[in-house]
Every structure is written in C-alpha cells, then in structure tokens.
Amino acid sequence: MAERIEVLLSEEEVDKRIQEIGDQISRDYAGKQVHLVCVLKGGSFFMCELAKRITVPVSLDFMSVSSYGGDTKSSGVVKIVKDLDESLSEKHVLVVEDIVDSGRTLSYLLEMLKDRGPADVKLCTLLDKPERRVVEVKVDYTGFEIPDEFVVGYGLDYDQKYRNLPYIGVVKFD
C-alpha cells in the first residue's frame, strides 16, 4: 500500500503559531526558569523551535516513551525507553509533546512526573486531537487542534518516515 502526503498546516502557519506559544509561555513564566521536558522523538523538532522563542531562562531534558510501534494507532501499552537525566525537584516543568491523541501515554507520563517533586507540571503540544481522547489530559498550551487524521512532519512520523517535513501533512493511503 503506497502513501502520499497532503499539506494540512504550512511551514509558515506552524512557525507563526510556535512564536505565539513561545510569547505566552514567556509571559506565564516571567521571573522563573522553565524546565522543558521533551518527549522523543517527535517532540524534538517542536521543542527546539519553541525553546528559541522563549525569553525566560530555559533548561532542557529528554525522555522517550513509546506506545505506537509501527502502527497508526496507539497500542495503549506505555513503555519508558529513556528516562530523564536530571531531578525535577522544585522545577517548573513544561512537558513538550508533538501530539496529544488518545491521552493514554501522556496521562501516565504526567502522573509519573508529578510524583518526582516538581514545583508544577504543565503540558505543551504542537497538535491536539481532542475527539480521539480516551483518557482526559489537561493541555496548557496547544498549537493546533486537528481532525482525526494520521499526520506527519515537523517531528511526527509514520513508521519512522516523514519526520523531516517542515510542515504538518496528512498521510493518505492509496
């Protein structure tokens, strides 16, 4: 089965929205340092662009959590592949994710991070699919709400392909 990609959000739209989110985070964290926790691999593209647009002090850490495998739907099985390198104690943590879909993975991840003693934990996502939610998750900063279609680009992949697209595209199968 061959796939093709149709543009959903252009590179310009994505860049503009990331700047707006960076401005809002900078206002919300004025006088504080924000500790960005990137959920690899998809979140890395978004977090790098977002961090450049935040004007308050920023520190970074990375973790890898998997619940997909090679399919287009979440398996519901959460596996921590790489944990954080630093303590979260008393930090203002902002989890940066590429997409919030079913909410299963993030619900698990956010509860786990809250148990590590941060000052607070908030969630920032480039894309949100609220109609796919199975587990409720509070998203504090959202780039775009999108329809229930399988998307790629800007860090999001289909079977490890298309992460490097500079826009968000919908995968169409022929």
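Remember, it's a predicted structure, so these values are computed and weren't measured experimentally.
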Colleague: Identify whether the distance between the nearest side-chain nitrogen and carboxylate oxygen of R133 and D148 falls below 4.0 Å.
Modeller: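 Between D148 and R133 there is no salt bridge, as every charged N stays at least 4.0 Å from the carboxylate O atoms.
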Colleague: I'd like to know whether K91 forms a salt bridge (charged side-chain N to carboxylate O under 4.0 Å, His left out) with D61, so could you lay out the CA-CA distance, the side-chain angles of the two residues, the decisive distance to 0.1 Å, and finally the verdict.
Modeller: CA-CA 12 Å; K91 292 183 180 176; D61 207 344; over 6 Å; no
Colleague: Can you name the closest pair of heavy atoms from P118 and L113 and give their distance?
Modeller: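 P118 and L113 have their closest heavy atoms at CD-O, 3.4 Å.
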Colleague: Working to the nearest 0.5 Å, report the span between OG1 of T105 and CD1 of I99.
Modeller: 11.5 Å
Colleague: Just how far is it from atom CE of M112 to atom CG of L88, taken to the nearest 0.5 Å?
Modeller: 8.5 Å
Colleague: Does a side-chain heavy-atom distance below 4.5 Å link D98 with T125?
Modeller: no
Colleague: Looking only at heavy atoms, which two atoms of V152 and I5 are closest? And how far apart?
Modeller: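 The pair with the smallest heavy-atom distance is CG2-CD1, 3.8 Å.
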Colleague: Is a donor from one side chain sitting under 3.5 angstrom from an acceptor on the other, for N164 and Y154?
Modeller: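 No.
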Colleague: State which residues pass salt bridge (Lys or Arg N to Asp or Glu O under 4.0 Å) with K32; sequence neighbours excluded, sorted by chain then number.
Modeller: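 Listed in chain order: nothing, the list is empty.
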Colleague: Output the distance between atom CD (E6) and atom CD (E149), rounded to the nearest 0.5 Å.
Modeller: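 Between E6 CD and E149 CD, I get 8.0 Å after rounding to 0.5 Å.
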Colleague: Is any NZ, NE, NH1 or NH2 atom of the basic residue among R17 and E13 found under 4.0 Å from an Asp or Glu carboxylate oxygen of the other?
Modeller: no
Colleague: I'd like to know whether E3 forms a side chain to side chain contact (heavy atoms under 4.5 Å, CB included) with Y162, so could you lay out the CA-CA distance, the side-chain angles of the two residues, the decisive distance to 0.1 Å, and finally the verdict.
Modeller: CA-CA 11 Å; E3 68 254 11; Y162 308 114; 2.8 Å; yes
Colleague: Is there a path of hydrophobic side-chain contacts, each under 4.5 Å between heavy atoms, that joins V65 and V135?
Modeller: no
Colleague: Could you check whether D15 and Q19, counting side-chain N and O atoms only, form a donor-acceptor pair closer than 3.5 Å?
Modeller: no
Colleague: I'd like to check I25 versus L50 (side-chain heavy atoms, cut-off strictly below 4.5 Å). Are they in contact?
Modeller: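 SC-SC contact between I25 and L50 confirmed.
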Colleague: Quick one: does any side-chain atom of D128 pair with a main-chain N or O of T142 as donor and acceptor, under 3.5 Å?
Modeller: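 No; judged by distance alone, with no hydrogens or angles, the pair does not exist.
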Colleague: Does the side chain of Y108 reach to within under 4.5 Å of the side chain of I80, using non-hydrogen atoms?
Modeller: yes
Colleague: Determine, stepwise, if the pair K16 / E20 fulfils salt bridge (charged side-chain N to carboxylate O under 4.0 Å, His left out).
Modeller: CA-CA 6 Å; K16 179 177 183 272; E20 293 168 354; 3.0 Å; yes
Colleague: Is it the case that the side chain of K52 and the backbone of C48 share a donor-acceptor pair, with hydrogens and angles ignored and the cut-off at 3.5 Å?
Modeller: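 Pair absent, no side-chain N/O of K52 close to backbone of C48.
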Colleague: Tell me whether S26 contacts the main-chain N or O of T55 through its side chain, where contact means a donor paired with an acceptor under 3.5 Å.
Modeller: yes
Colleague: For L127 versus V151, what's the shortest heavy-atom pair and its separation?
Modeller: CD1-CG2, 3.9 Å
Colleague: Looking at K129 and E131, does any basic side-chain N land under 4.0 Å from a carboxylate oxygen?
Modeller: no
Colleague: Do you know the tightest heavy-atom contact between D140 and K138?
Modeller: OD1-NZ, 2.5 Å
Colleague: Does some side-chain heavy atom of L126 sit less than 4.5 Å from a side-chain heavy atom of I18?
Modeller: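 I18 reaches L126 side chain to side chain.
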Colleague: Under 4.0 Å between a side-chain nitrogen and a carboxylate oxygen: does that hold for D23 and R53?
Modeller: no
Colleague: Hydrophobic clusters here meaning ILVMFWY residues chained together by side-chain heavy-atom distances under 4.5 Å, can you tell me if V7 and F150 are in one?
Modeller: yes
Colleague: Give, for atom OH of Y167 and atom CG of L8, the distance between the pair rounded to the nearest 0.5 Å.
Modeller: 11.0 Å
Colleague: Would you say the side-chain atoms of S102 pair up with the backbone N or O of R104, donor to acceptor, closer than 3.5 Å?
Modeller: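 Between the backbone of R104 and the side chain of S102 there is a qualifying donor-acceptor contact (under 3.5 Å).
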Colleague: Between K82 and D85, is there a side-chain N and carboxylate O pair less than 4.0 Å apart?
Modeller: yes
Colleague: Nearest heavy-atom pair of I21 and C124: which atoms, and what distance?
Modeller: CG2-SG, 3.9 Å
Colleague: Testing the basics here: between P130 and I146, what is the closest heavy-atom pair and its distance to 0.1 Å?
Modeller: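 Between these two residues, the closest heavy atoms are CD-O, 4.5 Å.
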Colleague: Using residues 34-47 as the side-chain source, report each donor-acceptor pair under 3.5 Å to any protein atom, sequence neighbours left out, with the distance given to one decimal.
Modeller:
unit_1	atom_1	unit_2	atom_2	d
H35	ND1	S59	OG	2.6
S44	OG	K41	O	2.8

Colleague: For the residue pair Y29 and H92, categorise the inter-ring angle as parallel (less than 30°), tilted (30 to 60°) or perpendicular (more than 60°).
Modeller: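 Y29 vs H92 ring planes: perpendicular.
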Colleague: Kindly indicate, with the supporting measurements, whether the criterion side chain to side chain contact (heavy atoms under 4.5 Å, CB included) is fulfilled by E97 and L109.
Modeller: CA-CA 11 Å; E97 179 65 287; L109 176 64; 5.6 Å; no
Colleague: Are K122 and D120 within salt-bridge range, i.e. N to O under 4.0 Å?
Modeller: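 Looking at K122 and D120, the cut-off is not met.
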